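Predicted model only: the values in this text are computed from it and were never measured. Positions are given from 1 along the sequence.
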Amino acid sequence: MWRVSEAFSRRGFLGMAGAAGVAAAVGCGADGEAAAQPKQGGRLRAVYAGGGAKEVLDPHVQSLFVDIARHKAIYEKLVELGPDLKPVPRLASKWEHDGTATTWRFSLRDASFHDGAKLVAEDVLFSLARIADPAVPERVAQSSLATLDFKRSKALGPSTVELVLTAPNAEFPALLAGIGTQIVRDGFKDPTKPLGTGAFRFASFEAGRSMVASRYDDYWDEPARIEELHILSAESEARANAVQGGQAEYANDMTATFARTAGKAVRVVAAKASTMQAFVMKVDQPPFDNLDVRLAFKLLADRQRLVDVVLAGRGEVGNDLFGKGYQYYPADLPARERDVDRAKALLTKAGLVGKEVEIFTADASAGFVEAATLFAEQVAEAGVRLKVTTGSPQTYAKDLLTKGAIGNHRSGAMPIPQYFTDRLLSHSPFNVTHWRRPAFDAEFAAARAVTSEEERSSRYGVLQKTLRDEGGILAWGLPDYLVAVSAKVQGVQAAPPNTLDQGRFDKVWLA
């Protein structure tokens with residue numbers, strides 16, 4: 001018996017308003033009156049943190065926000081994520097499964113590529129096979145699609161594709177919304193000549209500097225209002241200067257310090273508490289192979305102080321779990337309170353008082369070094385010296401997998417099951433805490449296979465409680481995600497990163 005996804009028992013598309021808990025300074029003048037009606041035409045320049053020569057045009061090889069923005073403009077996915085990180089339709093207008101979540105059917109929209117060719121099921125099969133190709137390990141969604149059985153997957157006519165999994169997975173639509181899952185033309189070979197179904201048509205690209213794209217007039221979801229889009233690369237200070245000085249109309253991922261001093265010519269749009277900052281402890285290395293030590297460090301964190309100082313108050317305190325406000329987050333877990341006396345007793349029992357522990361950090365993300373330094377002061381109250389060692393910001397994400405018993409971690413928005421898959425299973429590619437428990441892996445696989453959303457959520461809640469109590473993630477803060485726009489830009493929504501409405505340049509206009 002085929003079952004339509006539960007996503008379609010609710011609204012399938014997002015309206016212009018954000019979800020609860022996501023606030024935006026959008027479409028309003030200083031006096032709160034509604035902005036003028038949308039206008040057509042003009043050029044918008046959006047500036048993102050750059051990656052230099054590492055920037056890519058291949059939509060299946062991406063990790064930088066600037067790459068993601070460029071690919072989002074030109075290409076599309078079958079599924080995107082809403083503000084609560086639930087899957088919503090894009091190139092797939094609907095989906096259903098066979099009752100076991102093993103075989104899935106996706107109905108495709110009437111959309112066309114920039115050369116006029118219609119989107120068909122073969123394009124989907126080719127794209128997913130390209131992503132999953134084990135010969136090209138840098139394709140970022142490869143692990144997410146590892147259970148696709150391409151021998152049994154097939155086109156059921158031009159506008160329906162049947163995808164068969166080797167194991168049931170009720171979260172499969174959300175996996176298709178992950179980073180690096182864009183749909184390309186059947187036979188796509190040359191990433192330097194992008195051809196997608198997105199709202200903008202490729203014009204030019206120079207790694208480390210810019211991409212230029214123009215409006216695609218035959219876009220299925222209403223053509224963009226702006227005529228030309230420039231996506232530029234620059235570091236934090238340069239992004240601030242560009243949007244303040246009129247060299248850009250949009251600046252992504254701004255700091256809380258900038259938000260405090262931006263001035264009247266710039267509006268800051270804040271997606272509240274939509275990312276995570278944490279300290280991560282490797283649970284298989286001393287001293288954090290001792291559960292008492294992990295708990296002691298969690299009890300030593302003055303989370304509100306970290307939020308006030310490192311985030312300049314632009315965020316909320318965390319509770320040692322990823323995904324607050326997202327689907328499946330166990331909101332009923334009590335907040336962890338600071339308890340220096342109990343922490344010191346645990347550290348004394350572990351023989352760590354008077355000893356030194358090294359924390360590995362880098363200026364790889366705003367606030368990392370400051371957070372590590374402030375946390376060292378807090379840990380010192382229990383008699384443990386936390387020595388701050390800084391590494392290379394360019395290689396920090398990779399280095400953290402093997403260096404340091406404790407370090408900094410930041411995560412953008414993604415579905416909670418995706419976070420598990422990427423970071424918390426024995427063979428996860430980004431398992432920075434070295435949390436490797438076969439029984440946990442098995443329980444997660446069993447939960448993911450449950451087709452009842454209510455039961456699946458309950459099972460995920462049990463796993464998350466285990467992680468909070470025993471795992472190596474000390475999630476101290478949930479920063480706001482900040483975007484700066486010039487006063488003449490309208491239609492920008494406050495949305496968590498990696499979701500549908502973040503960076504929707506087809507929906508903005510210049511007043």
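- The pair Arg305-Asp308 does not count as a salt bridge, with every side-chain nitrogen at least 4.0 angstrom from each carboxylate oxygen.
- Contact annotation: the side chain of Leu482 never approaches that of Val269 to less than 4.5 Å [non-hydrogen atoms, C-beta and beyond].
- The existence of a salt bridge linking Arg303 and Asp320 is confirmed by a sub-4.0 Å separation between a basic side-chain nitrogen and an acidic carboxylate oxygen.
- Using a 4.0 Å cut-off between charged side-chain N and carboxylate O, Asp133 and Arg130 make no salt bridge.
- Within a 6.0 Å sphere centred on CZ of Arg437, other residues, nucleotides and ligands contribute more than 12 heavy atoms.
- At a cut-off of 3.5 Å, with distance as the only test, a side-chain donor of Asp422 or Gln418 sits close to an acceptor on the other residue.
- The existence of a salt bridge linking Arg338 and Glu381 is confirmed by a sub-4.0 Å separation between a basic side-chain nitrogen and an acidic carboxylate oxygen.
- Within a 6.0 Å radius of NZ in Lys282, more than 12 heavy atoms belonging to other residues, nucleotides or ligands are found.
- By the 4.5 Å heavy-atom criterion applied to side chains, Leu474 and Val280 are not counted as neighbours.
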Run the side-chain donor-acceptor check on residues 364-374: report pairs under 3.5 Å with partners two or more places apart or on a different chain.
| from | atom 1 | to | atom 2 | distance (Å) |
| --- | --- | --- | --- | --- |
| Ser365 | OG | Arg410 | NH1 | 3.3 |
| Thr373 | OG1 | Val369 | O | 2.8 |

Does Tyr460 form a side chain to side chain donor-acceptor pair (under 3.5 Å) with Glu171? I'd like the steps, not just the answer. CA-CA 12 Å; Tyr460 287 151; Glu171 308 294 350; 2.9 Å; yes
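- Residues Arg90 and Glu76 are paired through a salt bridge, judged by an N-O separation under 4.0 Å between the basic side chain and the carboxylate.
- In this structure, Tyr48 has its ring center no closer than 6.0 Å to that of Phe65.
- Salt bridge status for Glu316 with Lys324: present, with a side-chain N to carboxylate O gap under 4.0 Å.
- In this structure the side chain of Tyr326 never reaches within 4.5 angstrom of the side chain of Met414, judged on heavy atoms.
- Applying the side-chain hydrogen bond (donor to acceptor under 3.5 Å, both in side chains) test to pairs two or more places apart or on separate chains, those with a residue in residues 347-357 are Asp292-Lys349.
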